[in-house]
J.: 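First the structure, which I've put down as structure tokens, then a few questions once you've had a look.
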Amino acid sequence: MLQDEVAGYLAEIEAAPLQTPDALEAFRLRFLSRNGLVQGLFGRLKEVEPAQRKEMGQILNNLKNRAEETFATAKAAAEAAAEASTGPLLDLTLPPPPHALGSRHILNLVRDQMLAVFRQIGFAVADGPEIEDDWHNFTALNFPPDHPAREMQDTFFVERGGPGGDVVLRTHTSPVQIRVMQERQPPIRSLMPGRVYRNEAISARAHCLFHQIEGLYIDKDVSFVDLKETLYYFVRTFFSPETAIRFRPSFFPFTEPSAEIDISCQICHGDGCNICKHTGWVEIGGSGMVHPNVLRNSGIDPDVYTGFAFGMGVERSAMLKYQIRDLRLYTENDVRFLRQFAVV
Ligand code: PHE
């Protein structure tokens, strides 16, 4: 009788030794494969009296479930035991996995590209503190005592009215000009990269922390022509030979005359976009001939020497060169953004 056969198989299933992979495979072939016992029994259902077929079907289903459960449980147990006894497989002959190298941050990359352009024409890098006294950040740079740039809305104060005056987070890299001139006499060709801080709301176009590169050239007979040629050379080398440049008259307390440096928009090439505010021109920095008072304040004789200075934004230059439309991306540390810039 079919029923007796099934009872025998159920007993066999309960007793089956399923510790080894071979035993498991043998069990699977005997009971669960396409040509196995369980399928065979279902095929014989048609031999059963129609009145008993339903009951017999349930008995066979039960057999099938028992076989499947027993197999699954034994297989999981065998796998767990194998892993516990051998541990994860380790092949000591394989080369070690490569270390994932990060990419350089785009701002460091662009800063170094900018410095490299000026180094080729004899500029050397100098450094100064990010926490400055009022004298270096403002007074020595010819800012009158009540100049609005000294005010709370622009400047982060570290200490107000200390013995040496206010202590501030430098609002530009220009105070390093003073430090360089105090330390040595012309000829001076200095580049001063660094972080600067301004009390501004963070947006796509402004941040309270950004980077500038300051340039200073002091010697006998330095003229505005030297300033222009130096910046032409920079813009054509750093951006492209086709980039147009425009000097816009401006005012800084520490230079006279002063000019803002605009270049043709690298993003829309003059068609108009939100970066150039639909003018086709973008400002990349300020410049001018060093004011005689600044030379005098730093111990250099303005009757003998003249010079020019410029200050350029690193974020802005990177934005234009790599078509970045929101400068918050620089500090959000989204690796999908950061990874795009080559490891050098
Ligand atoms: N220090 C100025 C600024 O932060 C830029 C500048 C530097 C202008 C040197 C003229 C000369 O805006």
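Remember, it's 1-based here, ligands and their atoms both numbered in the order they're listed. Predicted, not measured: the structure shown is a model, and the values here were computed from it.
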J.: Under 4.0 angstrom from ligand 1, any heavy atom of Phe254?
T.: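 True for this residue.
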
J.: Report, in ascending order of atom number, the atoms of ligand 1 lying under 4.0 Å from any heavy atom of Ser174.
T.: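 Close to Ser174: 1 (N), 7 (C).
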
J.: Can we say Asp112 and Arg104 salt-bridge, meaning some charged N sits less than 4.0 Å from an Asp/Glu carboxylate O?
T.: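 Between Arg104 and Asp112 there is a salt bridge, with a charged N closer than 4.0 Å to a carboxylate O.
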
J.: Taking the ring centre of each residue, are Tyr330 and His211 less than 6.0 Å apart?
T.: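 No.
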
J.: Hey, does Arg170 sit under 4.0 Å from ligand 1 if you only count heavy atoms?
T.: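 It does not; every heavy atom stays at 4.0 Å or beyond.
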
J.: Does ligand 1 come near enough to Gln212 that some N or O of the ligand is less than 3.5 Å from an N or O of the residue?
T.: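 N/O-N/O distance below 3.5 Å exists for this pair.
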
J.: Below 4.0 angstrom from a heavy atom of Arg198, which ligand 1 atoms are there? Numbered from 1 as shown, please.
T.: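 Selected atoms, number and element: 3 (C), 4 (O), 12 (O).
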
J.: Among His291, His136, His172, which one satisfies ring pair (Phe, Tyr, Trp, His ring centres under 6.0 Å) with Phe254?
T.: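 Answer after filtering His291, His136, His172: His172.
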
J.: Do Phe31 and Phe71 make the cut of ring centroids closer than 6.0 angstrom?
T.: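 No, the ring centres sit 6.0 Å or more apart.
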
J.: Which atoms of ligand 1 sit under 4.0 Å from any heavy atom of Gly311?
T.: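 The atoms of ligand 1 under 4.0 Å from a heavy atom of Gly311 are 6 (C), 7 (C), 9 (C).
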
J.: Assess the pair Phe310 and Phe118: is the distance between their ring centroids shorter than 6.0 Å?
T.: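 When the ring centroids of Phe310 and Phe118 are compared, they turn out to be within the sub-6.0 Å range.
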
J.: Could you tell me, atom by atom, which parts of ligand 1 come under 4.0 Å of a heavy atom of Phe252?
T.: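 So the answer, numbered in order with elements, is 8 (C), 10 (C), 12 (O).
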
J.: Relative to ligand 1, is Ser258 under 4.0 angstrom through side chain, backbone, both or neither, heavy atoms considered?
T.: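 Under 4.0 Å from ligand 1, Ser258 contributes no heavy atoms.
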
J.: Look only at interatomic distance and state if Ser287 has a nitrogen or oxygen under 3.5 Å from any nitrogen or oxygen of ligand 1.
T.: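 No, Ser287 has no N/O under 3.5 Å of an N/O on ligand 1.
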
J.: Is it true that the NZ or CZ of Arg189 lies under 6.0 Å from the centre of Tyr217's six-membered ring and within 45 degrees of the ring axis?
T.: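 Yes.
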
J.: Can you give me the closest heavy-atom contact between Ala309 and Leu227, atom names plus distance?
T.: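 Distance-wise, the nearest heavy atoms are O-CD1, 4.3 Å.
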
J.: So, regarding His172 and ligand 1 (criterion: nitrogen or oxygen to nitrogen or oxygen, under 3.5 Å), is there a contact or not?
T.: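 His172 vs ligand 1: N/O contact under 3.5 Å present.
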
J.: What about Val176 and Phe123, same hydrophobic cluster or not, with Ile/Leu/Val/Met/Phe/Trp/Tyr joined at side-chain heavy-atom distances under 4.5 Å?
T.: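 Val176 and Phe123: separate clusters.
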
J.: So is Gln177 polar-close to ligand 1, meaning N/O to N/O under 3.5 Å?
T.: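 Not met; the criterion fails.
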
